[in-house]
Every structure is written in structure tokens, then in C-alpha cells.
Amino acid sequence: MADTGRVEASVRSGAQWLVAALEAAGVDTIFGYPGGAIMPVYDALVDSRLRHILVRHEQGAALAADGYARAGGRIGVCLATSGPGATNLLTGIANAYLDSVPMLAITGQVASGLMGTDAFQEVDIFGMSLPVVKHSFIVRRAEDVAATVREACTIARSGRPGPVLIDLPKDVQLARAAAQPGPTAVAAAAVPAPDRDALVAARALLARSERPLLYVGGGVGMARAESALRDFVAVTGMPSVCTLKGLGAIDPDAPEHLGMLGMHGSPAANHAVQSCDLLLVVGARFDDRATGKLDTFAPGARVIHIDADMAEIGKLRSAQIALAGSIPLVMAALSQALPIESWREHCAALRALYANRYDAPGADIYAPALLRELSLAAGDQAIVSCDVGQHQMWVAQHWHIRAPHAHLSSGGLGAMGYGLPAALGAQLARPDACVVCVSGDGSIMMNIQELATLRRYAIPVKIVLLDNGCLGMVRQWQELFFEQRYSEVDLSDNPDFVALAQAFGIEAFGIDARAQVPGAIRRLLDARGPILCHVRIDPRANVWPLVPPGKSNGEMMDGAA
């Protein structure tokens, strides 16, 4: 977000400078919850152009800001008071940090003279947040507030994006001062140009490879480099796989694309990785959920690793060639026709052999088929936000994802409760888009209070609640790896979710048979406001395939036993 102009050089309170600096930085929406130590900022908001969304829990504010940032391609802003307000933001801040989402978290703090005295609602949020932010600020003077906001916004969105915290003592919010002179914008750090010799070596290695494979991660979407990547694929014809966060960077219908790799990835993708002789890794970090047992991952492959963050290159897997820099520049420089027809044919055969099937027997609702049908009906511009668990993996496997910003998922942190607040944030960022939240009966309860936020602002999110009466992913692991010793996964005493949603003022209905699915999809997509569809599914349903813990990606379980 570029600043729209110099903040007027006048005497204002620190709170007024904060609001003016946010406006100047192009921020138009913030998510928050008031309290004692942030009251001066809330007073300043009365006279501002900023749209404040009152969530019902501060964690909801941070996760909504995350969804707003991912879907809208700009910084998300959340606001909370000191003490419990600030600590309630931490899960959402950590989520943004692990998934590299640009976020500005602003917390009130007790007055400067009380800091360190265990005052009412005082916690050291600066210290507590250090492991999960790109940078933190405690503003000590009102004249520094505007410049701090400008610097924080630049840090959050430059290089590898991430969250930045501003902790603002109450006396600084109330103090009046002229803003300290400074530039209207802080220049973002330039992404380094890739090393020329490394590019030459990478082109030569590509040309010699017989079985090269493109391994795509979330960094492509962060860099808005999807077009450059797809142009590269069009020229080279290289087969591709992607991580959970890389979904959408490659056209899912492209004949060269084999889908998601890893623990719940496509067998075609995992088998191709295991037999390739070169991995061209773009914006990915060799996460354990993608690689399985790391020392058996792509055992015969040399590695070219491209990433904006040099710290990721060589962190888990040594790269023969490291290319730190702009992804579009690197992809353009590496583009060349490759004589790999036999490899392409092999990968196409894998794709056909392991194509998803949706003809499960019986009359019960088959969740993968429902999600596939809903995604196609919602269209390529739809945005799907999901929680964490079996439904998250079914979305990754079966939703037709055409762009990274259209798939919101808590990848690094795996935070249950992410889906609903992220969806409402996404809908506010993209008001013309169809936004679908796919949740589970365990996850939805983590932030179900945000149904009140949907109602208050008439945010037309479509909620699909897959209810299997248990913590499905934990139950699946206990079934497979803990000798069916089920421990604390029974949710059969769930509330009546339809009645609960209606109590919040949300339209809601339920289905429990496959024949009801087409009508339910039409009702969801035709609704003008928020709506919830409660879907009963088999509590014994598992996510397949599955790479067991500690195993190679080539040792997938498929549930056929």
C-alpha cells in the first residue's frame, strides 16, 4: 500500500496520528475489539474514514485481518486493548507469521509509567510476540506514531511478508504533538536480482535433465508470480506439483499438473517426485507435511531452489543451485524448450491412473463429491476458506482452485477456528466474490461467535459445515496409528447447528442424504446474505491417500485394505 499523501503537519494526539497514518497508508478496513488501554484510538476512529469491523473475539480480529490480506492482496489490520485483548491476537499473529501474510497488529498498552509494574491488564506483548512477528515496536512518543506506522506497513509487506506489532501506551495515545518530520513513505527493500552465474548453471542443469519436475509453494502467490510461472510451464512443458499453499498457482486443468504432493497429496504427484531427477523448487520450503521422511524425499533429484528469502534455501534440503530473487525474473530467465516428451507422457499416465473418483457407493453424502460439485457451481472466481482437519484436506484435494488468493487455509500453524473469521475478512476485501467457508463440527466451535459479526454487517459468506460428530482427523489417526484407542474425539453431543445459526440471525438448513446435495448447492449460492448448510457425513470417513508418519511419500496408504 502506497501512502496517498503527506499527513498534515499539525498538533494531534497520538491516537489521532495513528488513525491519520493508517488512512494515509491506504488502509480502509480494520478489525478489532475495544478496551480500556485502546480507548483513545477508538475515540479517534469516530472522526475517521476507516471502516471498523467489531468482531466478537480478538482472535477473530486477527484471523479476519489475515483473510482480508490474503484475498485482497493488501495489508490486514487488527486492533485490540492491552492484556487479554493483546494475548488473544497472538494465535492470529502466529498464523500470519507462519504463512507469510502481511498484517499490522496494533495493541493498546498501559501508561508508560506503569509498564513493568504488573498493572491492571498489563502483559509484555512486545516480548511475547517476538517469535511470531517480523518486527515489533513500542512507541514512546506521540510525535513518532505516524512514522512508526509507515515503517511498520513497509516491513509487513516487503520481502517475505509477515505481521508487525505496534504496542501503544495509553499516555502516548493521549499526548499531543506534531508529527516528527520524515518522508511520506518508506521505500520498500528491493528484491535482489538473481545471480547471473547461477542462472547460467540452472539453465544448463535444466537442459541436461531427463525427468525435471516443478515443485511450487506459497511464495509464488505471495509474489503474484502466477502468470510468470504459467508462462514458464507453457514454454518448457515441465510437469508440476504443488504444496497446500501453492494450490492455484498452476492451472489445475493443465495437462502437466499432477496436483498436491505430501501427506494427503495426489499419488501421481508423490510418485513423480520420487522418480524425478531434478526438482525446480519455486517459493517452497520443504515442509515436513510435503516431504514426508525428508531423507527419502526425491532421492535421485538434484535441486534448483528459487525463493525471495535466502534463509529458506538449504535450510532443510541442500540445493545444487540457489537462486534468491524475484520469481518472475528467474522464471523468465530459465524458460527454454525441454526435450522431455517421454517424461511428460509418463506423468500424464500417472495423472490418468490416479484421477479422483466421485462415484462412492451408497446414499449418504460423500464429502469429496459435494465439495467438487460446489466448487464447480461456485465458479472460478469463488474464494474458499477452510478450517483445519479432514475437511481442510478434502478442500485441498477436490476444490477447483484457480488462484492462490482464492484458497484460504491455515497451512503452517494449522489453527482450528481459522475458517469463519478468515472468510468474513475475505468477503469484505472482495465484496463481489462468492466466499465459501468450509468447516467441521470441531473447528466451527472455536470461533462460532463470529456468526454475530456476519449478521451485524450482513456479510454474505456461505458456510458448509461438515458434521461427523467427532474430531475427524484425530479420530482417523487414532484408528490407524493408536490401535483404535479413541480418546476425547467424540462430539456426538454437538449443539443443533441449524438452530444455533438461526439464533444468531443466520439463515440455516441441514441435509443428510446425497439426493439433497444439488438443491442445497443452489440454495447456498442463491442466498443474498449469510447462510449455513449443516451436512451430516459418515463419522467413519477417512481422508485418503495418507502418508504415515515417518514414512516416505512413496509409502502411501489408500484405505483399500
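- The two atoms that bring Leu50 and Val27 nearest to each other are CD2-O, 3.1 Å, heavy atoms only.
- The aromatic ring centres of His391 and Trp394 sit 6.0 Å or more apart.
- The pair Arg357-Asp359 counts as a salt bridge, with a side-chain nitrogen and a carboxylate oxygen less than 4.0 angstrom apart.
- Nearest heavy atom pair, residue Ile93 against residue Val132, reads CG2-O, 3.4 Å.
- Checking each of Arg49, Arg51, Arg74 against Asp28 for a side-chain hydrogen bond (donor to acceptor under 3.5 Å, both in side chains) leaves exactly one that passes, namely Arg74.
- Taking the six-membered ring where tryptophan is involved, the planes of Phe481 and Trp477 are perpendicular, since the angle between them exceeds 60° and thus also 30°.
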If you look only at distance, which donor and acceptor atoms sit under 3.5 Å apart when one is on a side chain in residues 521-531 and the other is two or more places apart or in another chain?
unit_1: Arg523; atom_1: NE; unit_2: Glu507; atom_2: OE2; d: 3.2
unit_1: Arg523; atom_1: NH2; unit_2: Glu507; atom_2: OE2; d: 3.3

Determine, step by step, whether Asp364 and Arg514 satisfy the salt bridge (Lys or Arg N to Asp or Glu O under 4.0 Å) criterion, reporting the C-alpha distance in whole Å, the side-chain angles of both residues, the deciding distance to 0.1 Å, and the verdict. CA-CA 5 Å; Asp364 292 339; Arg514 192 172 304 183; over 6 Å; no
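- Taking the ring-ring contact (aromatic ring centres under 6.0 Å, His included) definition, one finds that Phe31 meets it with Tyr68, sequence neighbours left out.
- Residues forming a side-chain contact (heavy atoms from CB on, under 4.5 Å) with Pro34 (at least two apart in sequence, or on another chain): Tyr42, Leu54.
- Side-chain N or O atoms of Asn95 include none that pairs as donor or acceptor with a backbone N or O of Thr91 at under 3.5 Å.
- No more than 12 heavy atoms of other residues, nucleotides or ligands lie within 6.0 Å of OH in Tyr33, so this atom counts as exposed by the packing criterion.
- Neither side chain, Glu555 nor Asn553, offers a donor N or O lying under 3.5 Å from an acceptor on the other.
- Inter-residue side-chain proximity for Ile401 and Pro252 is flagged as unmet; no heavy-atom pair is nearer than 4.5 Å.
- Not counting sequence neighbours, the partners of Glu312 by the salt bridge (Lys or Arg N to Asp or Glu O under 4.0 Å) test are Arg160, Lys315.
- With Asp441 contributing its side chain and Cys470 its backbone, the two residues share a donor-acceptor pair below 3.5 Å.
- Residue Asp467 is tested with Ile537, Leu491, Asn494, Asp512 for a side-chain contact (heavy atoms from CB on, under 4.5 Å); the sole match is Asn494.
- For the ring pair (Phe, Tyr, Trp, His ring centres under 6.0 Å) condition, the pairs that include at least one residue of residues 505-539, sequence neighbours left out, are Phe497-His534.
- The ring-ring contact (aromatic ring centres under 6.0 Å, His included) check on His405 picks up nothing, with sequence neighbours excluded.
- The heavy-atom pair separating Cys153 from Ile75 by the smallest distance is CA-CD1, 4.0 Å.
- A side-chain donor from one of Gln392 and Ser409 sits under 3.5 Å from a side-chain acceptor of the other.
- For the pair Gln516 (side chain) and Ala513 (backbone), a donor-acceptor distance under 3.5 Å is present.
- More than 12 heavy atoms of other residues, nucleotides or ligands shown are found within 6.0 angstrom of CZ on Arg56.
- Contact detail for Ser240 and Leu213: the closest heavy-atom pair is N-CD1, 4.0 Å.
- Ion pair Arg475/Glu479 flagged as a salt bridge, since at least one NZ, NE, NH1 or NH2 atom sits closer than 4.0 Å to an Asp/Glu carboxylate oxygen.
- Heavy atoms from other residues, nucleotides or ligands lying under 6.0 Å from CD of Gln381 number 12 at most.
- For Arg224, the CZ atom sits in a packed shell: over 12 heavy atoms of surrounding residues, nucleotides or ligands are nearer than 6.0 Å.
- Between Ile327 and Gly219, the shortest heavy-atom distance links the atoms CD1-O, 3.8 Å.
- Checked against Tyr215 for a side-chain contact (heavy atoms from CB on, under 4.5 Å), the options Leu280, Val282, Val273, Thr243 give a single hit: Thr243.
- Counting only N and O atoms by type, the side chains of Tyr418 and Asp66 include a donor and acceptor under 3.5 Å apart.
- Between Tyr486 and Gln478 there is a side-chain heavy-atom pair separated by less than 4.5 Å.
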